Amino acid sequence: MQDKPDRLEAARIEKLQRIEALGIDPWGQRFDNHIGIGAAREKCPEESGVDGDTVRVCGRIMLQNDRGKLKFFHIQDWSGRIQLWISQKDVDEKTWALIDCLDLGDQVGVEGLVKKTRTGEISVFVKQLCILGKSLATPPEKFHGAKDVEMLLRQRYLDLIYNEGVLDRMLRRTKIISSIRNTLNSRGFVEVETPVLHAIAGGAAARPFITHHNALSIPLYLRIALELHLKRLMVGGVERVYEIGRVFRNEGIDATHNPEFTMTEIYQAYGNYETMMELTEAIVTDACLVANGTLQVQWGDKAIDFTRPWKRARYGDLFKEHAGCDMRDQEAVAAVAKKLHIEVAGRDPDVIINDVFEATVEDALIGPIFVTDYPAKMCPLTKRKWGEPDIAERFECFVWGMELANAYTELNDPRLQEELFRTQLSGLAEEDSMAKMDHEFVQALKVGMPAAGGLGIGIDRLIMLLTNSRSIRDIIYFPLMKPEHAGGATEAEAQPAVE
RNA sequence: GAGUGCGUAGCUCAGUCGGUAGAGCAACGGACUUUUAAUCCGUAGGUCGUGGGUUCAAGUCCCACCGCACUCACCA
């Protein structure tokens, strides 16, 4: 059902009909042999009034300035903006009539000489013009633009059109992701796709989204991690494997969390977590150079230097430095925890250590820094250090308190894996635990997975760091928004009765 | 989930102590062949987020709800 057109839309529909009456398709036809506006600008002679090349360009009308028999338009494509100079004496009668029907926001294609006006503005002196798409919606105010955050997120296309830098930032996102692929592909990794719908949402500690398969009549979960399927592929002999894909976590939304986000997980047979440190440095520095051309970048009012090698520090040493006690000294840790108002009673010592670490250490990590060798009980998918069963061969990489990467020497002992899946730490809710029994995964490990290193990188956070974006919403085209009006799937549809 | 703030024309925003809803841009009609957010003359355009309440009178005060933002909580 269409809404009743408002008065502004009605005016545009009236022009649309006038264009049709001229025998012209207001929605446009193909427009061949055009060049980008950025490229057209480069063809303009330095000196005003000197003819340059004939160019064909197309784009959206952003500004118009009607001087009667002379009209100026500014059009924009994704490479830039250029002024059109349209004199009645330069175009035929039908074109002039068409030009009278143009509105801000319409798409046009033009051909003409590129040269500077008397005032030095690079312009296309139009000889031919055609319409390539009518716009029925009134654009935002020409000077102040569109500012309403809610409108810009719900109608991201307006943000992309009218706010400078938004499209450029999103295109840098694409470049960063292709850089990651290039780095991995050049090292012999293969990209795969694994299921999004999981019978058991494992591989991370997060609450899943629940859905339902009608024909099978079973509940399914949207994946919260890529880990367990990629490791099955390691068992199958896919020695260097990665996936870049969407994962879903049913948690709160804020400047660094969107319910669906992109991550990559990478596994390398016969490597370990130190192999993954080198790989992390390579992926991030390659991407940083592609996005910024330098390894020194701004992060708000702070600076980040990604020059290799990055610092490394053991978890236990950082704990001692910032929390002020040895993490193996349970009484001392409990005392520090109490001071920080962290619950102690009935909770596993490693859970308390983890809370104290997050409260005292993480925000102090400027980075980039690899924090290594975690308390083992928090890491049910990680290999223990040989001869040190309380320490897991894991690192997390931090930059300005933000977790950028997480990697393990992968646990490939099926019997230990099965035991760890069974072990729920006291003080940790089941949904907050990584330990979820997955017999099929344990069966895969029994077949034999090679010793291996595995690495996970939150792509959105990496892009935030590399594009100096303080909000995850700035680098996701369509972040989740609550529907403005009731609609979409009903609760009954979303969670059908399961017998 | 809690607290604070915001929601007025298509857009950007005013709206005083509760007293007839305003401006600029955009639109429509007119003038204009070197404008740069052109300028000038004229016209039209409103469910003040939604629903209640108080009041002679509500954009304004009160209550509930919806959406957004920020802070906090949650977020291996």
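Chain A is the first sequence line, chain B the second, and so forth, proteins listed ahead of strands; every chain is numbered from 1. The model shown is predicted, which means the values in this text are computed figures rather than measured ones.
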Would you say B:G10 has OP1 or OP2 under 4.0 Å from some side-chain N or O of A:Gln155? no

Nearest to the side chain of A:Lys147, which nucleotide is it out of B:A38, B:U34, B:U12? B:U12

Nearest to the side chain of A:Asp103 - B:C28, B:U33, B:G24? B:C28

Assign A:Arg249 to base, sugar-phosphate, or nothing according to its heavy-atom contacts below 4.0 angstrom with the strands shown. base

Would you call the rings of A:His229 and A:His198 parallel, tilted or perpendicular, where under 30° means parallel and over 60° means perpendicular? tilted

If I take atom CD in residue A:Glu9 and atom P in nucleotide B:C11, what distance separates them, rounded to the nearest angstrom? 13 Å

Using both pair distances under 3.5 Å as the test, note the stems of at least 3 consecutive Watson-Crick or G-U pairs that include RNA chain B. B:1-7 with B:66-72, B:10-13 with B:22-25, B:27-31 with B:39-43, B:49-53 with B:61-65

Determine: side-chain N/O of A:Lys142 to OP1/OP2 of B:C25, distance under 4.0 Å, yes or no. no

Could you work out which one of B:G45, B:A26, B:A37 sits closest to the side chain of A:Arg7? B:G45

Taking the P atom of each, how far is B:G45 from B:A21, in whole Å? 15 Å

Mutual orientation of the aromatic rings belonging to A:Phe319 and A:Phe357 [parallel < 30°, tilted 30-60°, perpendicular > 60°]: parallel

side-chain N/O A:Lys71 vs B:A38 OP1/OP2, d < 4.0 Å: no

From C-beta outward on A:Lys89, which listed nucleotide comes closest to its side chain: B:C68, B:U33, B:A26? B:U33

Atom-pair distance (CZ on A:Phe72; P on B:A38), nearest Å: 11 Å

Using the C1' atoms only, state how far B:C72 lies from B:C61, rounded to an integer number of Å. 30 Å

Integer-rounded Å distance: B:C11 P and A:Asn163 CG: 14 Å

Least distance between heavy atoms, A:Leu445 atom then A:Pro414 atom: CB-CB, 3.7 Å

Nucleotide nearest A:Arg473 when distance is taken to its side chain, options B:G10, B:A27, B:A69: B:A69

Side chain of A:Ala205 only, please: which of B:A76, B:C11, B:U34 is the nearest? B:A76

Looking only at atom P, what distance separates B:U8 and B:U71, rounded to whole Å? 23 Å

Would you say a side-chain N or O of A:Lys15 is under 4.0 Å from OP1 or OP2 of B:C28? yes

Counting the atoms with a prime plus P, OP1 and OP2 as sugar-phosphate, which does A:Asp66 contact under 4.0 Å by heavy atoms, base, sugar-phosphate, or nothing? base

Mind checking the P distance from B:G67 to B:A57? Whole angstroms is fine. 32 Å

Student check: side-chain heavy atoms of A:Leu420 and A:Arg384 closer than 4.5 Å: yes

Kindly indicate whether the side chain of A:Tyr374, heavy atoms from C-beta on, has any atom under 4.5 Å from the side chain of A:Glu396. yes

At under 4.0 Å, does any side-chain N or O of A:Arg67 touch on OP1 or OP2 of B:U34? yes

Taking atom P in both B:G24 and B:G19, compute the distance separating them and give it to the nearest angstrom. 23 Å

How would you label the contact of A:Gln64 with the nucleic acid (heavy atoms, under 4.0 Å): base, sugar-phosphate, or nothing? sugar-phosphate

Would a 4.5 Å heavy-atom cut-off, applied to side chains only, mark A:Ile61 and A:His74 as touching? no

Heavy atoms from other residues, nucleotides or ligands near CD of A:Glu42 exceed 12 (cutoff 6.0 Å): no

Rounded to whole Å, please give me the gap between CD in A:Glu251 and P in B:G1. 15 Å

Write down the distance between CZ (A:Arg470) and P (B:U71), rounded to a whole number of angstrom. 11 Å

Of the non-hydrogen atoms in A:Ile476 and A:Glu260, which two are nearest, and what is the gap between them? CD1-O, 4.3 Å

If we take the C1' atom in both B:A27 and B:C70, what is their distance in whole Å? 36 Å

How long is the line joining OH of A:Tyr157 and C1' of B:G10, in whole Å? 13 Å

For A:Phe209 and A:Phe248, take the angle between the two ring planes, folded into 0 to 90°, and tell me which bin it lands in: parallel under 30, tilted 30 to 60, perpendicular over 60. perpendicular

Hey, does A:Leu381 reach any base, or is it just sugar-phosphate, or nothing, if we go heavy atoms under 4.0 Å? nothing

Do A:Asp103 and A:Lys15 come within less than 4.5 Å of each other through their side chains, counting heavy atoms only? yes

With heavy atoms under 4.0 Å as the rule, sort A:Lys69 into base, sugar-phosphate or nothing. base

Round to the nearest Å and state the distance from A:Arg60 atom CZ to B:A26 atom C1'. 16 Å

Base, sugar-phosphate or nothing for A:Lys377? Non-hydrogen atoms, less than 4.0 Å. nothing

Verify the contact: side-chain N or O of A:Lys482 to OP1 or OP2 of B:G67, cut-off strictly under 4.0 Å; return yes or no. yes

Closest non-hydrogen atom pair between A:Ala407 and A:Met276, with its separation: CB-CB, 3.9 Å

So for A:Asp254 and B:C74, does any side-chain atom that can act as donor or acceptor lie under 3.5 Å from a complementary atom in the base? yes

Between B:C74 and B:A37, how many Å separate the two C1' atoms, rounded to a whole number? 46 Å

Considering only B:A27, B:A76, B:C68, which nucleotide approaches the side chain of A:Met263 most closely? B:A76

Quick one: which of B:U34, B:A27, B:C11 gets closest to the side chain of A:Glu141? B:C11

Winner on side-chain proximity to A:Met151, out of B:C11, B:G10, B:U33, is B:C11

Phosphate oxygens OP1/OP2 of B:U33: is one of them under 4.0 Å from a side-chain N or O of A:Arg118? no

What is the distance, to the nearest angstrom, from the CD atom on A:Glu358 to the P atom on B:A76? 7 Å

Which of B:G10, B:A76, B:U34 is nearest the side chain of A:Glu396? It is B:A76

